Amino acid sequence: MDQDDKRGFLDRLKSGLAKTRKLLLTDVDDIILGSKEIDQALFDELEEALIMADVGPVFTGELISSLKDRVRRKELGSPEILRRVLRETMREILLRNEAPFRIPPGEIHTIMIVGVNGTGKTTTIAKLAHQLKAEGHAVTLVAADTFRAAAIEQLEAWAKRVKVPLIRQASNADPAAVVFDAIRTVKAGRKGVVIIDTAGRLHTKVNLMEELKKMRRIMGRELPGAPHEVLLVLDATTGQNAIAQARMFKDEIGVTGLILTKLDGTAKGGVVVRIAKELNIPLRYIGVGEQLEDLRPFRAEEFVEALFAQNDR
Ligand SMILES: Nc1nc2c(ncn2[C@@H]2O[C@H](COP(=O)(O)OP(=O)(O)O)[C@@H](O)[C@H]2O)c(=O)[nH]1
Ligand SMILES: [Mg+2]
């Protein structure tokens, strides 16, 4: 990533997080600046503002009790310091969940992308393919969301745009058969990174989980170690629902990492903090728009910088 590119992304991240920042920090700042001293009323207001901003009850509870401890130890003199402690605490928690993945060169590296319909799986696959290709990886896409013909065509259109090969079968083909065929094909030829799109229809939850498990099994049988990654795509605008989806997919099929999409234009960006605090799954990438360039590895430092940006004084 060159400097211009990096600055561009940070700007997009900052403007994407504007609503989250407004919800979280405007309130926090009002509360802090409106208080002359640190007292229970201030803590109550702060707690309410944090809960509203989707950072979750666990983070909020721990933050408030750590603040109270510091007040008892006389480490916090004035309300303004609370803001700095909030920022520091978020940073520490987010750092623990920062884990960009590494792809070993020259081997077959399979990545299954899972998640509920509409969270951004197919678009994210295109962005990821674009990025990995630019880094020099041979990328192959696999259309294993065979439930709707439109889903295959959507991925096909992206594959053409990004200029990577796509392995597909007719719509309504068995997704397990599609991955079976795909693994055989890449083993015989191209190697590199294989990204698999999957279905996300939730109203038939049991069937979906069984289908995903079967795909996992077939892949592991054809290629020991596969799938190397199971990345769950979550939509940030769904806030708490995203947390529930993560728990379900983690319990049912196992998840090695998360991708959080649509951080642009939502006030629910606080969910990143909640994810870090309540789910023990690394956050690999974040999406901040619909363009190919709008996906980046998650960096705690960058995120906190963007979140606290314009209000800093
Ligand atoms: N604003 C925004 N839209 C996104 C992002 N990622 C995906 N989308 C949009 O979300 C919609 C659903 O995406 P799609 O990839 O089809 O979801 P899927 O059903 O999980 O495969 C599309 O309109 C995408 O353009 C993002 O980071 N930001
Ligand atoms: Mg899709």
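Values reported hereafter were calculated over all heavy atoms of this structure, with side chains retained and with hydrogens, waters and symmetry mates removed. Ligands are counted one by one from 1 in listed order, and the atoms in each one are counted from 1 as well. Fair warning: this is a prediction, and the values are worked out from it, not measured in the lab.
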Which atoms of ligand 1 have any heavy atom of [X] under 4.0 Å away?
X	answer
Lys127	5 (C), 6 (N), 26 (C), 27 (O)
Asn117	19 (O)
Gly287	27 (O)

- Is atom CD of Glu48 surrounded by more than 12 heavy atoms (other residues, nucleotides or ligands) closer than 6.0 Å?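 No - once you tally the heavy atoms of other residues, nucleotides and ligands closer than 6.0 Å, there are 12 at most.
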
For [atom], find the nearest protein heavy atom and state the residue, atom name and distance (0.1 Å precision).
atom	result
atom 8 (N) of ligand 1	Lys262 CE, 3.8 Å
atom 19 (O) of ligand 1	Gly118 N, 2.7 Å
atom 23 (O) of ligand 1	Glu290 OE2, 3.4 Å
atom 16 (O) of ligand 1	Gln154 NE2, 3.0 Å

[X] bridged to [Y] by N-O distance under 4.0 Å:
X	Y	answer
Glu107	Lys191	no
Lys214	Glu211	no
Arg184	Asp181	no
Asp294	Lys127	no

- Task: Can you measure from CZ (Arg148) to CG (Asn172) and round to the nearest 0.5 angstrom?
- Result: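 Separation between the atoms: 11.5 Å.
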
- Would Gln245 and Asn241 count as having a side-chain donor-acceptor pair, cut-off 3.5 Å?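 Side-chain D/A pair, Gln245 to Asn241: absent.
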
- Query: Just checking, any donor-acceptor pair under 3.5 angstrom between side chains of Glu229 and Thr256?
  - Reply: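 There is such a pair between these side chains.
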
- Asp54 pairs by salt bridge (Lys or Arg N to Asp or Glu O under 4.0 Å) with which of Lys268, Arg274, Lys277?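 Among the candidates, only Lys268 passes.
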
- Taking 2.8 Å as the cut-off, does an N/O/S atom of Thr122 lie below it from the Mg ion (ligand 2)?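 Under 2.8 Å: Thr122 contacts the Mg ion (ligand 2) through an N, O or S atom.
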
- Item | Least distance between heavy atoms, Pro297 atom then Gln131 atom |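 Closest pair (atom of Pro297, atom of Gln131, distance): CD-OE1, 4.0 Å.
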
Return yes or no for this condition: an N or O of [X] is under 3.5 Å from an N or O of ligand 1.
X	answer
Thr122	yes
Lys121	yes
Thr124	no
Gly120	yes
Asp264	yes
Thr123	yes

- Would a hydrophobic clustering, with Ile, Leu, Val, Met, Phe, Trp and Tyr connected at side-chain separations under 4.5 Å, put Ile51 with Val273?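 Each belongs to a different hydrophobic cluster.
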
- Task: Using the rule that two of Ile, Leu, Val, Met, Phe, Trp, Tyr join whenever any of their side-chain heavy atoms come within less than 4.5 Å, decide whether Leu82 and Leu23 are in one cluster.
- Result: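 No.
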
Examine ligand 1 and decide if any of its atoms is less than 4.0 Å from a heavy atom belonging to [X].
X	value
Gly115	no
Val288	yes
Gly289	yes
Thr119	yes

- Per-residue contact class, Arg201 against ligand 1 - non-hydrogen pairs under 4.0 Å: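 Looking at Arg201 and ligand 1, no heavy atom falls under 4.0 Å.
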
